[in-house]
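Residue numbering restarts at 1 for every chain, and letters A, B, ... go by the order of the sequence lines.
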2 protein chains.
Amino acid sequence: MRATVSDIARITGLSVGTISRALDTTGRYRINKETRQRVRDVAKSVGYRPNLIGRALVAGSTKQVALVSRAPFTEYYTQLASRFATYVARDGYHVVSNLAEQLVGQEGLPDLLAQDWLFSVDGFLLCDPSRWRDEFIQHAIDLQIPVVGLGAVGWSGADSVRLDIHTPSIDLLEHVISYGRKAIVMVTDEGSYAESRGDAFRTVMSAHNLEARIRKIEHHDRASGRQAALDEIAEFGPPEMFFCVNDAVAIGCACGIAEAGLRVPEDVGIAGCDGIEASEFLPCPLTTIVQPYSEACAKAWEFLKSRIDGYDGPHREVTLGARLALRKSTAFQRAV
Amino acid sequence: MRATVSDIARITGLSVGTISRALDTTGRYRINKETRQRVRDVAKSVGYRPNLIGRALVAGSTKQVALVSRAPFTEYYTQLASRFATYVARDGYHVVSNLAEQLVGQEGLPDLLAQDWLFSVDGFLLCDPSRWRDEFIQHAIDLQIPVVGLGAVGWSGADSVRLDIHTPSIDLLEHVISYGRKAIVMVTDEGSYAESRGDAFRTVMSAHNLEARIRKIEHHDRASGRQAALDEIAEFGPPEMFFCVNDAVAIGCACGIAEAGLRVPEDVGIAGCDGIEASEFLPCPLTTIVQPYSEACAKAWEFLKSRIDGYDGPHREVTLGARLALRKSTAFQRAV
DNA sequence: ATGAAAGCGCTAACAT
DNA sequence: ATGTTAGCGCTTTCAT
């Protein structure tokens, strides 16, 4: 059996309380130097590892925070998770995720809410918007678990870190239009079309008296992007540019364009959004909007940590800018 | 405060034991139907959620298993994690990962071993080999935590699921050679060159009296692959094919080849290994070896679960075949 | 500086 | 079918 504080107490002839104090690393207890050393030696020799469950029970805290997302298998999520976990780790916390496939998707909410393990964490970072966002937040609030939101849209009912992709989206569209790409098709789902990205698209296109055509997709993934490009080209012929809701869709688009026998950027331009690493590693690197992953996660953790530590002020919101990265996939077609 | 069984006991006038039994979902207790309903109603009305810490403490189990990897931010890992989490979830367990950036890399072992939270899980799935594999296994064994290994190389000291990429690697190399690609450069690190993939390469090349040239890289990532392709082409001119240690490296290679102004597959062929989804979504889809993610994870969990449940027999090992996927990136250059 | 004991929330063995 | 109680491993009062 795994050694416990009682075992060490028995071996050393000390009490469990002393063992606990001797093993404490925060230095908040006064303890005899020799006693401490003796306890630590014994602990080491018996391979003692604290049982975090016991500790969590008395502390009323698991030191776990959950990263909840609709799409936990994407590179976007991975990049976010790695950064977030890094900040979280500095304060002795760690991150758990909703990795099981069943929990994904719009319909995933009831399943997600039924996950008891998810609700034994000390806090939530909730990524990307979705229909069930508000309901999830409400559940967390009911259970007194702090939540912080992270994404392109604003959040009510919780602290949030907003990423401004609207401004760089406008810059991007203005740029490509000035270089002659005017027949632009946005590849998106209804939801995102209604939000920031779609708004930028409608605004710029209308300012230039251009048609704001969209090609609708169901999911923000590569397969959808590929199919969208193929369908669009088959039905209407190639546009001058695909403005994609995210990088995964854009990467799929690039694939569909190649299958249709066309070239990027000569025949069709592409732009994505998010700035995942994969966007740089394409034969034709992708123009995209790079999100400030590290800063966003740092801020999100700062918010969450303060709530976990008891801060009870009004909801806070910070907006971080995203950076337009112009790459080859939108290289100029023809000067105006 | 969050409601507990005691609260429900007080409200209903029943004892905590009865509450616990009424809330049990496994149906192993005989309990009055009306009582059960009443308890559940009250539980619902007060927003009761079981405290998993309390449960874990008495059960001596967290119902958490850890997925430990050297490279937890890769798509390979993500695909594995999603499948594994799915099987694990069916038995009421869930998966935690070593997400923090600091814990990654060869040097990460001491840090990893110092993670108390990691060692409070019920079991480990340890992916991809590394120098610290054996030491990690030993620690787990010392703490009586079951471990299962998953990867291309064999494991001693633990149950393991082996993925045979040797056979399809040979098929792949024979195929491309028969279609005229003979100047093949393997892009790999020392470790993998010494193992299965490298062995297949040396075997086939030597059987055809061809030089088994390698271009060494440090990491199995896209950036390394890109640089390797650029360096190789700059120093020796383009080979007829790059045989890459994994898909990420191959994707980077494709990128480097494009930067050098060459075309895939006309000028240079590329093959990867792993069969991550990204390999299909390239303008020129990548020839690769698709690993049986689902079967591997199912088997790994079967092994791990049995150990968690107390099975104490000798170590088991199963080998699963991987599938060669011939795609455009190795389309024929010239018939022999 | 150390010991004794309570208690975190829950389950299960033992009573009734 | 339900009540009572011990105890999982740990931290933290409260004594000494």
Tell me whether Asp116(B) is salt-bridged to Arg49(A), with the criterion being a basic N under 4.0 Å from an acidic carboxylate O. yes
Touch check for Gly60(B), heavy atoms < 4.0 angstrom, all strands: base, sugar-phosphate only, or nothing? nothing
Give a yes or no on whether a salt bridge exists between Arg10(B) and Asp7(B), defined as a side-chain N under 4.0 angstrom from a carboxylate O. yes
Give the C-alpha distance, both sets of side-chain angles, the deciding distance and a yes or no for ring-ring contact (aromatic ring centres under 6.0 Å, His included) between Phe119(A) and Phe124(A). CA-CA 9 Å; Phe119(A) 290 90; Phe124(A) 289 106; 5.4 Å; yes
Under 4.0 Å between a side-chain N or O of Thr35(A) and OP1 or OP2 of dT2(C)? yes
Between dC8(C), dG9(C), dT2(C), which one does the side chain of Val58(A) approach most closely? dC8(C)
Is the phosphate of dA12(C), meaning OP1 or OP2, less than 4.0 Å from a side-chain N or O of Tyr29(B)? yes
Nearest-nucleotide pick for Thr18(A), side chain only, options being dT2(D), dT2(C), dC10(C): dT2(C)
Provide, to the nearest angstrom, the distance between the CG atom belonging to Leu52(B) and the P atom belonging to dC10(C). 9 Å
Between Asp159(B) and Leu304(B), is there a side-chain heavy-atom distance shorter than 4.5 Å? no
Could you check Val16(A) against Arg30(A) and say which one's nearest nucleotide on DNA chain C is further toward the 5' end? Arg30(A)
Rounded distance in Å - CZ (Arg28(B)) to P (dA1(D)): 16 Å
Tell me which nucleotide among dT11(D), dA13(C), dC10(D) gets nearest to the side chain of Arg21(B). dA13(C)
Without decimals, in angstroms, what is the distance between Arg38(B) CZ and dA1(D) C1'? 13 Å
